[in-house]
Undergrad: 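Submitted below is the structure of interest, expressed as structure tokens.
Each residue takes its place number in the sequence, starting with 1.
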Amino acid sequence: MKKTIIFAGRAGQGTDRTAAIFAKMAARSGKYCFVERDYQSLIRGGHNFSTAVVSDEYVSSAEKKADVIIAFDKDSAILHGPDLKESGKIVSFAETKSGNAILIDIAGFLAENNLSKNFGNNALLGSAAAFAELSRASCKEIIKEEFPSHEKDITDIFLKGYDLINQGDGRQSDPKKIISGSEAVTAGAIDAEMKTAFYYPMTPATAVFTELIAKKGDYRVIQMEDEIAVAMAALGASYAGDAPLIGSSGGGLSLMGEAVALSGMAELPLVIYAAQRMGPSTGVPTYTEQGDLGSLLNLGSGEFPKFAISPGDAEESYYATIDAFYLARKYQLPSFIISDKHLADSVSSVSEFKVPAYAREMFIDNETKGGYERYAITDTGISPRRIPGGEEVVRATSYEHNPQGYTTEDPEVITAMNDKRIRKTESLKEECSLMNPIKTYGEGETLIIGTGSTKGAIMDYISENNGYRFLQIIHLAPFPAIQVKAEIAKAKEIIFVENNATGLLRKLTASETGFAEGKSILKYDGRPMSKEFIAAGIKK
């Protein structure tokens, strides 16, 4: 069983909420599910839709042709008509008067029971659940959890839509866990025992911080007046012993550049959640792209070590977040979790998370007595870090300094301190080589190379086509050049798949490995990569 269902309507009609509840019902029924959201930068009046794929087997991306369109209004039925498979169905309300749709007449029931018009959405939800063969019992459980004060009314409405399509009951198996990319980053930060998070709202990064606020854990989330204040306040918390989480998108990340450089010079741990949207500048705020890879990896003036990880799905986002905290704390540097709108907003099935043993290591040295040097020169480049307030003075400075933290312009000291910081990169490379900086899938002589959210579409493509292998580059800084070159050497043909206009991953790979050949499939219309787009690109 595999069904693709599009929930479509005007902004404010509840399409996103309905699709989210549908995903929970699918997971509770034991189905695998993937939901992709498409919404305009409008509160009301724009067109929104969510594409949900539900299956008995794991799914990792959305398909473009739908089995069912759940149309919240007549315009949506018309707009998405071309997206329907030949055997597909449209379900809508009776008042939309859509000639080719299965119509649900719910207005009378709502009026008789003095219920809001939006309650009628649950009849559409019921029809979607029936088409996907979801268990009635599981769906009722979710209704009870989501609508405790209106459980009976919502259940009655839901069953009107369900019974219209299916008079029986759907199949049920063991429940699955389902989560969005943003929720996975939130879970990772909490399990890494983050203490402070700072943010200024900017789509799509905001969801991580609103989710942190909703969880109400043993940490503080602070909204600042702008992104510069966010990053600078976070460095204050870092100096006090934390590795705080900050995050933004697009131009907000650009404003953080000076503070990122200060993190590098002062060796203050900082975790930056970078959720890419379509740019440059304001761009298309609620759509996706991988156009910031170059700017993020070079964010901040001068040369200093960074860690950057680019997870490909929600499950990887959880572990990537923990790795980012661990390495920021250990190596005292800025650590980037690189995501994008598609990955942040999409919902998918995941395994139960297991907190790694190293997740909560803080790397604070308060044991050494006497002669403390905050920037001591060491073989690894890592100097002892302390929390201020003890007998020893703990310095932090943006100016070049000597091991004690005093300003210097001495050329020999400048060289020695630069060398110390850069040595962290070599130590970091060695440790990262043991942390799955790349993954490979499939067998074949044609190697598809990608990073981040393109993973799902690539995985779906190679699962349906022989002769292809997928190299997923997860660590972007330090770049796993040795491992990538080894995989490239095995291939007869190389194809880069990216959501940007100029092949930024291909350029990065060329600069780090010297390999400048290969072809590219580039998508930069604000929409996520799809297996259909890859197929068309390969055919071309």
Undergrad: Under the criterion side-chain hydrogen bond (donor to acceptor under 3.5 Å, both in side chains), I'd like the reasoning laid out for Thr196 against Asp242: C-alpha separation, chi angles, the key distance, then a yes or no.
TA: CA-CA 7 Å; Thr196 48; Asp242 192 15; 2.4 Å; yes
Undergrad: Determine whether more than 12 heavy atoms belonging to other residues, nucleotides or ligands lie under 6.0 Å from atom CD of Glu493.
TA: yes
Undergrad: I need the Thr380 OG1 to Ile382 CD1 distance, nearest 0.5 Å.
TA: 4.0 Å
Undergrad: Begin from the C-alpha positions of Arg395 and Tyr375 and carry the test side-chain hydrogen bond (donor to acceptor under 3.5 Å, both in side chains) through to its verdict.
TA: CA-CA 9 Å; Arg395 295 185 177 86; Tyr375 300 108; over 6 Å; no
Undergrad: Does either side chain, that of Ser50 or that of Arg37, offer a donor lying less than 3.5 Å from an acceptor on the other one?
TA: no
Undergrad: Looking only at side-chain N and O atoms, does Thr51 offer a donor or acceptor that is under 3.5 Å from a partner on Asp38?
TA: no
Undergrad: Quick one: CD1 on Ile534 to CD on Glu464, what's the gap to the nearest 0.5 Å?
TA: 10.5 Å
Undergrad: If we only count heavy atoms from C-beta on, is the Val221 to Leu245 side-chain gap below 4.5 Å?
TA: no
Undergrad: Please give me the minimum heavy-atom distance between Ser61 and Val53, naming the atom from each residue.
TA: O-CG2, 3.8 Å
Undergrad: Treating Tyr319 as the side-chain partner and Lys354 as the backbone partner, does any N or O pair qualify as donor plus acceptor under 3.5 Å?
TA: yes
Undergrad: For Ile179, is there any backbone N or O sitting under 3.5 Å from a side-chain donor or acceptor partner on Glu183?
TA: no
Undergrad: Give the minimum heavy-atom separation between Cys432 and Leu327, together with the two atoms involved.
TA: SG-CD1, 4.0 Å
Undergrad: Strictly distance-based, threshold 3.5 Å: is any side-chain N or O of Ser346 a donor or acceptor partner for the main-chain N or O of Leu343?
TA: no
Undergrad: Would you name the heavy atoms of Ala275 and Ser249 that are closest together and state the gap between them?
TA: O-OG, 2.7 Å
Undergrad: Short question: side chain of Thr186, backbone of Val208 - any donor-acceptor pair under 3.5 Å?
TA: yes
Undergrad: Are side-chain N/O atoms of Thr397 and His401 paired as donor and acceptor at under 3.5 Å?
TA: no
Undergrad: Main chain of Met529, side chain of Asn499: is a donor-acceptor contact present, judged purely on distance under 3.5 Å?
TA: yes
Undergrad: Picking from Ile495, Val497, Ile488, what satisfies side chain to side chain contact (heavy atoms under 4.5 Å, CB included) with Ile449?
TA: Ile488
Undergrad: Can you confirm whether Pro201 sits close enough to Gln223 that some side-chain heavy atom of one is under 4.5 Å from a side-chain heavy atom of the other?
TA: yes
Undergrad: For the pair Ser349 (side chain) and Tyr32 (backbone), establish whether a donor and an acceptor sit closer than 3.5 Å, ignoring hydrogens and angles.
TA: no
Undergrad: What's the separation between atom CE in Met459 and atom OG1 in Thr454, rounded to the nearest 0.5 Å?
TA: 11.5 Å
Undergrad: Within a 6.0 Å radius of atom OH on Tyr358, are there more than 12 heavy atoms belonging to other residues, nucleotides or ligands?
TA: yes
Undergrad: I'd like to know whether the aromatic ring centres of His475 and Phe307 sit less than 6.0 Å apart in this structure.
TA: yes
Undergrad: Identify the heavy atoms of Glu193 and Arg329 that sit nearest to each other, and give their distance.
TA: O-NH2, 3.5 Å
Undergrad: If you count heavy atoms of other groups shown closer than 6.0 angstrom to CD of Glu225, is the number above 12?
TA: yes
Undergrad: Looking just at side-chain N and O atoms, do Lys420 and Ser383 make a donor-acceptor pair shorter than 3.5 Å?
TA: yes
Undergrad: Are more than 12 heavy atoms, taken from residues, nucleotides or ligands other than Asp226, located less than 6.0 Å from that residue's CG atom?
TA: yes
Undergrad: Hey, does the Lys NZ or Arg CZ of Arg469 hover above the aromatic six-ring of Tyr441, less than 6.0 Å from the centre and inside 45° of the axis?
TA: no
Undergrad: Are side-chain N/O atoms of Glu409 and Tyr399 paired as donor and acceptor at under 3.5 Å?
TA: yes
Undergrad: With side chains defined as the heavy atoms from C-beta onward, is the minimum distance between Tyr273 and Val185 less than 4.5 Å?
TA: yes
Undergrad: Just by distance, with hydrogens left out, do Glu289 and Gln276 show a side-chain donor and acceptor under 3.5 Å apart?
TA: no
Undergrad: State, yes or no, whether a side-chain contact exists between Glu227 and Met232 at a heavy-atom distance under 4.5 Å.
TA: no
Undergrad: Could you check whether any side-chain N or O of Lys424 sits under 3.5 Å from a backbone N or O of Tyr331, counting only pairs where one atom can act as donor and the other as acceptor?
TA: yes
Undergrad: Under 4.5 Å between any side-chain heavy atoms of Ile474 and Lys439, yes or no?
TA: yes
Undergrad: Using the six-membered ring wherever Trp is involved, compare the ring planes of Tyr461 and Tyr468 and label them parallel, tilted or perpendicular (cut-offs 30° and 60°).
TA: perpendicular
Undergrad: Do other residues, nucleotides or ligands put more than 12 heavy atoms under 6.0 Å from the NZ atom of Lys485?
TA: no
Undergrad: Does Glu498 reach the main-chain N or O of Gly450 with its side chain, forming a donor-acceptor pair under 3.5 Å?
TA: no
Undergrad: Would Asn48 and Asp16 count as a side chain to side chain contact (heavy atoms under 4.5 Å, CB included) if you check the C-alpha gap in whole Å, the side-chain angles of each, and the deciding distance to 0.1 Å?
TA: CA-CA 8 Å; Asn48 293 354; Asp16 180 53; 5.9 Å; no
Undergrad: Quick check on Leu42: does its CG atom have over 12 non-hydrogen neighbours (other residues, nucleotides or ligands) under 6.0 Å away?
TA: yes
Undergrad: Apply side chain to side chain contact (heavy atoms under 4.5 Å, CB included) to Lys341 and Met278, showing your working.
TA: CA-CA 9 Å; Lys341 184 267 175 190; Met278 195 171 184; over 6 Å; no
Undergrad: Where do Arg421 and Met265 land on the side chain to side chain contact (heavy atoms under 4.5 Å, CB included) test, with the steps shown first?
TA: CA-CA 8 Å; Arg421 288 191 294 271; Met265 173 61 88; 3.5 Å; yes
Undergrad: Does a donor on one side chain sit under 3.5 Å from an acceptor on the other, for Thr203 and Thr286?
TA: no
Undergrad: Only one of Glu267, Glu361, Glu431 clears salt bridge (charged side-chain N to carboxylate O under 4.0 Å, His left out) with Lys330; which?
TA: Glu431
Undergrad: So for atom CD, which belongs to Glu258, do other residues, nucleotides or ligands contribute more than 12 heavy atoms lying within a distance under 6.0 Å?
TA: no
Undergrad: Can you find a side-chain donor-acceptor pair between Tyr287 and Asp525 that sits under 3.5 Å?
TA: no
Undergrad: Any heavy-atom pair between the side chains of Phe353 and Glu315 that's under 4.5 Å?
TA: yes
Undergrad: Could you give the distance from CG (Asp56) to NZ (Lys3), rounded to the nearest 0.5 Å?
TA: 10.0 Å
Undergrad: Might you work through the side chain to side chain contact (heavy atoms under 4.5 Å, CB included) test for Val394 and Tyr239, ending with a clear yes or no?
TA: CA-CA 9 Å; Val394 180; Tyr239 172 68; 4.0 Å; yes
Undergrad: For the backbone of Thr4 and the side chain of Lys85, can you confirm whether one donor and one acceptor N or O come within less than 3.5 Å of each other?
TA: no
Undergrad: So, do Tyr326 and Phe363 have ring centers that fall under 6.0 Å from each other?
TA: yes
Undergrad: Side chains of Ser453 and Asp340: any donor to acceptor distance under 3.5 Å?
TA: yes
Undergrad: Taking atom NZ of Lys519 as the centre, report whether more than 12 heavy atoms of other residues, nucleotides or ligands fall under 6.0 Å from it.
TA: no
Undergrad: Report the residues that fulfil side-chain contact (heavy atoms from CB on, under 4.5 Å) with Ala231, sequence neighbours left out, ordered by chain and then residue number.
TA: Ile246, Met256, Ala259
Undergrad: Quick one: does Asp365's side chain have a donor or acceptor within less than 3.5 Å of a partner on Arg386's backbone?
TA: no
Undergrad: May I ask you to test the Tyr318-Val355 pair for a side-chain heavy-atom distance under 4.5 Å?
TA: yes
Undergrad: Are the side chains of Pro204 and Ser182 in touch, meaning some heavy atoms are under 4.5 Å apart?
TA: no
